[in-house]
Amino acid sequence: MAEMNHPAPVEVTHRNLRFIIHNSTKATLNKFIEKLKKYGVTTIVRACEATYNTGLVEKEGIHVLNWPFDDGASQSNQIVDSWLSLVKIKFREEPGCCIAVHCVEGLAKAPVLVALALIEGGMKYEDTIQFIRQKLCGAFNSNFCIWRSIILKCSCLQRLQWS
């Protein structure tokens with residue numbers, strides 16, 4: 001079976017925040033794990049339904065959090081709160097760490113979560129979308145009006161305190 005042409009992992013950094021946006025399927029799992037280890041990832045947030053068994057990933061010491069939501073759907077407050085809490089704790093307790101975020105294609109849900117973290121970390125909303133799109137061509141194109149409203153809504157949240 002031929003592999004689909006998916007975007008390569010993209011590193012997104014801002015101040016002390018560091019993320020890898022990626023996609024993964026069962027067919028590319030071994031390569032995915034190699035890339036995660038290369039970037040020093042110890043936590044993955046999977047924003048899609050399960051496409052692979054997490055056992056191989058966790059065997060490599062990488063913790064997988066399953067927070068799926070539908071394309072174009074608003075994340076639940078619980079997912080947003082959990083995501084922002086994870087970001088705050090990881091970057092405070094493990095400076096220089098890297099969090100991987102992925103969905104099936106790596107172009108919609110994963111970039112939205114990273115955008116929320118960047119906004120809450122102090123980046124302006126209008127800069128965030130462009131910043132991610134420069135690194136990840138095609139990001140936010142699916143249901144963009146819905147994603148825009150989700151990000152705008154969440155950008156009104158209280159900014160994370162990084163100290």
Asker: Does V64 reach the side chain of E58, with side-chain heavy atoms less than 4.5 Å apart?
Answerer: yes
Asker: Determine whether V114 and I99 make a side-chain contact, defined as any pair of heavy atoms from C-beta on separated by less than 4.5 Å.
Answerer: no
Asker: How many angstroms lie between CZ in R18 and CZ in F91, if you round to the nearest 0.5 Å?
Answerer: 8.5 Å
Asker: How long is the straight-line distance from CG of L113 back to CG of L86, given to the nearest 0.5 Å?
Answerer: 10.0 Å
Asker: Determine the minimum heavy-atom distance between I79 and W67, stating which atoms define it.
Answerer: CD1-O, 4.0 Å
Asker: So which heavy atom on G122 is nearest to which on R15, and how close?
Answerer: CA-NH1, 3.9 Å
Asker: Under the side-chain contact (heavy atoms from CB on, under 4.5 Å) rule, what do V10 and F19 come out as? Steps first, then yes or no, please.
Answerer: CA-CA 8 Å; V10 173; F19 304 96; over 6 Å; no
Asker: Pair up each side-chain donor or acceptor in residues 32-46 with any protein partner under 3.5 Å, not counting sequence neighbours, and list the distances.
Answerer:
from : atom 1 : to  : atom 2 : distance (Å)
K37  : NZ     : E60 : OE1    : 2.9
T42  : OG1    : K90 : NZ     : 3.1
T43  : OG1    : K90 : NZ     : 3.1
R46  : NE     : N66 : OD1    : 2.6
R46  : NH1    : Y52 : O      : 3.0
R46  : NH2    : N66 : OD1    : 2.7

Asker: Can you tell me how far CD1 of I129 sits from CD of Q134, rounded to the nearest 0.5 angstrom?
Answerer: 12.0 Å
Asker: For residues I20 and C98, report the shortest heavy-atom separation together with the two atoms involved.
Answerer: CG1-SG, 3.3 Å
Asker: Drop me the distance from H22's NE2 to K31's NZ, to the nearest 0.5 angstrom.
Answerer: 10.0 Å
Asker: Quick one: pull up SG in C97 and CG in L17 and give me the separation to the nearest 0.5 Å.
Answerer: 9.0 Å
Asker: Measure the spacing between NE2 of H14 and CZ of F131 and express it to the nearest 0.5 Å.
Answerer: 7.5 Å
Asker: Is a side-chain donor or acceptor of T128 paired with a backbone partner of K124 at a separation under 3.5 angstrom?
Answerer: yes
